[in-house]
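Structure record follows, encoded as structure tokens.
Throughout, protein chains are lettered first and strands after them, A, B, ... in sequence-line order, and every chain is numbered starting at 1.
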2 protein chains.
Amino acid sequence: MTSEKTLKQFNLRITKIRIAVLDALSASPAALSYSVLQDALSAFDRTTLYRTLLTLTDHGLIHKAYEENGESYYARCFGCTGQDHHHEHLHLKCSSCGGVECLEISEELKLNLAQLPFEEINISAKGPCSSCAIQGG
Amino acid sequence: MTSEKTLKQFNLRITKIRIAVLDALSASPAALSYSVLQDALSAFDRTTLYRTLLTLTDHGLIHKAYEENGESYYARCFGCTGQDHHHEHLHLKCSSCGGVECLEISEELKLNLAQLPFEEINISAKGPCSSCAIQGG
DNA sequence: CTGTTTATGCAACATTGTTGCATTTTTAGT
DNA sequence: ACTAAAAATGCAACAATGTTGCATAAACAG
Ligand SMILES: [Mn+2]
Ligand SMILES: [Mn+2]
Ligand SMILES: [Zn+2]
Ligand SMILES: [Zn+2]
């Protein structure tokens, strides 16, 4: 689905930066850091990017996949609606290339997590990502 | 064990700020945010606090329990050695009081996590903490 | 006590988070 | 297509944190 249609579906106004952010995150297999987004979207003011990321996160179109040392990584959400981000997956920070990816987890683990009495649960891990593991490291 | 002895045990030099940080984190049942530590240790330069937190983390005496929107929470480590932080527990950010606490997890969940091929795994959650849940909220 | 090693304090700068407000853009209604 | 209302953007401004270099002070081994 095109970014315009997605925005419309979520009752959000269609603006250039929102389309650009959604396009960028949709096109990337890995999560993108704030600084990378900033560079890619340098045509826009960084405050606008800041608020765009807030808006898209609040409405469940994207999510913050990882945060460390003040560096945040964002990824496209699939299946999230409104405030209800249900990330039944894991966020892996590659110890080799530094990339961040969203990974599916086992059904068993999902069940375990679902039993915990919390509103929101996130798992993050460090280790070789799929690409780096193949090439050895 | 006293903070001095702990430092000696880890082959770290005994300095005022290291003792102060260890004392503060050992005394608190919840993790302490950077800003709280900063305020409590305002006698020291913030660069020194920054480097102290790095050093104590690197040697496994403390760990970063939670990070969000550039705010980091630190907690005393028990059973961690050197770079090998093995946090078989969960970090809960209270949706009511905002406090962060380290919680034990079930053996079953530990086993599930242990099967994942990663060097380090962290779980964080949001929801009412033990104190706030009692009082209702 | 003394020399060596290491930590600290300070300056400096980069990055990010965050808010207010005037201006521009988007949208819905005509 | 035109217009008014609602919302988003750009810009300024400031706070907080991350990060490094370097001179000075403190810790430690002998
Ligand atoms: Mn994700
Ligand atoms: Mn912990
Ligand atoms: Zn990688
Ligand atoms: Zn609480």
Side-chain angles (χ1 to χ4, degrees), chain A residues 2-24 31-59 61-74 82 93 98 100, chain B residues 2-24 31-59 61-74 82 93 98 100:
Chain A
T2 119
S3 298
E4 278 94 337
K5 287 191 178 174
T6 305
L7 287 168
K8 203 164 282 178
Q9 202 171 24
F10 280 81
N11 279 311
L12 290 174
R13 294 199 171 189
I14 296 167
T15 69
K16 288 176 190 170
I17 192 171
R18 287 177 183 173
I19 294 171
V21 169
L22 285 179
D23 281 352
L32 298 179
S33 69
Y34 175 85
S35 57
V36 163
L37 282 171
Q38 174 97 54
D39 286 352
L41 306 176
S42 57
F44 304 94
D45 188 81
R46 75 183 189 83
T47 310
T48 306
L49 175 57
Y50 166 71
R51 285 194 271 231
T52 298
L53 293 173
L54 278 185
T55 300
L56 297 180
T57 298
D58 281 350
H59 289 79
L61 283 78
I62 68 173
H63 65 278
K64 190 182 282 189
Y66 192 80
E67 179 172 0
E68 189 176 42
N69 298 333
E71 188 161 38
S72 298
Y73 291 77
Y74 295 87
K93 167 80 171 179
V100 169
Chain B
T2 122
S3 297
E4 279 94 337
K5 286 191 179 176
T6 305
L7 287 169
K8 203 165 282 180
Q9 202 171 24
F10 280 81
N11 280 310
L12 290 174
R13 291 196 173 191
I14 297 167
T15 69
K16 288 176 190 169
I17 192 172
R18 288 177 184 173
I19 293 171
V21 168
L22 285 179
D23 282 352
L32 298 179
S33 69
Y34 176 85
S35 58
V36 164
L37 282 170
Q38 175 97 55
D39 286 352
L41 306 176
S42 58
F44 304 94
D45 187 82
R46 74 183 188 85
T47 311
T48 306
L49 175 57
Y50 166 72
R51 285 193 272 233
T52 298
L53 293 173
L54 278 184
T55 300
L56 297 180
T57 299
D58 281 349
H59 289 78
L61 283 78
I62 67 174
H63 66 278
K64 190 182 283 189
Y66 192 80
E67 179 172 0
E68 189 176 42
N69 298 334
E71 188 160 39
S72 298
Y73 292 77
Y74 295 87
K93 168 80 172 180
V100 170

OP1, OP2 of [N] versus side-chain N and O of [X]: anything below 4.0 Å?
{"X": "B:Thr48", "N": "C:dG9", "answer": "yes"}
{"X": "B:Tyr50", "N": "D:dT17", "answer": "no"}
{"X": "B:Arg18", "N": "C:dA7", "answer": "yes"}

Would you mind telling me which of [options] lies closest to the side-chain atoms of [X]?
{"X": "B:Arg13", "options": "C:dG17, D:dA26, D:dA7", "answer": "D:dA26"}
{"X": "B:Arg46", "options": "C:dT18, C:dA12, C:dT8", "answer": "C:dA12"}
{"X": "A:Tyr34", "options": "C:dG9, D:dC11, C:dT16", "answer": "C:dT16"}
{"X": "B:Thr15", "options": "D:dA27, C:dA12, D:dT9", "answer": "D:dA27"}
{"X": "A:Ser35", "options": "D:dT20, C:dT16, D:dA12", "answer": "C:dT16"}

Within this structure, what is the [atom1]-to-[atom2] distance between [X] and [N], rounded to whole angstrom?
{"X": "B:Leu32", "N": "D:dT17", "atom1": "CG", "atom2": "C1'", "answer": "17 Å"}
{"X": "A:Asp45", "N": "C:dG17", "atom1": "CG", "atom2": "C1'", "answer": "13 Å"}
{"X": "B:Asp58", "N": "C:dT6", "atom1": "CG", "atom2": "P", "answer": "15 Å"}
{"X": "B:Leu49", "N": "C:dC10", "atom1": "CG", "atom2": "P", "answer": "14 Å"}
{"X": "A:Gln38", "N": "C:dA14", "atom1": "CD", "atom2": "C1'", "answer": "12 Å"}
{"X": "B:Leu53", "N": "D:dG18", "atom1": "CG", "atom2": "P", "answer": "9 Å"}
{"X": "A:Leu41", "N": "D:dT9", "atom1": "CG", "atom2": "C1'", "answer": "14 Å"}
{"X": "A:Glu68", "N": "D:dT19", "atom1": "CD", "atom2": "C1'", "answer": "15 Å"}

Exercise for the section: Examine distances only and state if a side-chain atom of A:Lys93 and a backbone atom of A:Gly98 form a donor-acceptor pair shorter than 3.5 Å. Expected result: yes
Practice task
Using atom types as modelled and distance alone, determine if a side-chain donor or acceptor of A:Glu4 lies under 3.5 Å from a backbone N or O of A:Ile19.
Solution key: no
Exercise for the section: Answer with yes or no whether A:Arg51 presents, from its side chain, a donor or acceptor under 3.5 Å of a partner atom in the base of D:dG10. Expected result: yes
Problem - Qualifying residue for side chain to side chain contact (heavy atoms under 4.5 Å, CB included) with A:Ile17, from A:Thr55, A:Leu22, A:Leu53, A:Thr52 - result: A:Thr52
Exercise for the section: Please figure out whether B:Glu67 or B:Ile14 has its closest DNA chain D nucleotide nearer the 5' end. Expected result: B:Glu67
Exercise for the section: Flag the pair B:Lys64 / B:Thr57 as yes when at least one side-chain heavy-atom distance between them is below 4.5 Å, and no otherwise. Expected result: no
Fill in the blank from the handout: Sorted by position of nearest nucleotide on DNA chain C, 5' first, the leading residue of B:Leu12 and B:Thr47 is B:Leu12
Anything under 3.5 Å between a donor and an acceptor, one on a side chain of residues 40-48 of chain B, the other on a protein residue two or more places apart or in another chain? List them.
{"unit_1": "B:Ser42", "atom_1": "OG", "unit_2": "B:Asp39", "atom_2": "O", "d": "3.4"}
{"unit_1": "B:Asp45", "atom_1": "OD2", "unit_2": "B:Thr47", "atom_2": "N", "d": "2.8"}
{"unit_1": "B:Asp45", "atom_1": "OD2", "unit_2": "B:Thr47", "atom_2": "OG1", "d": "2.9"}

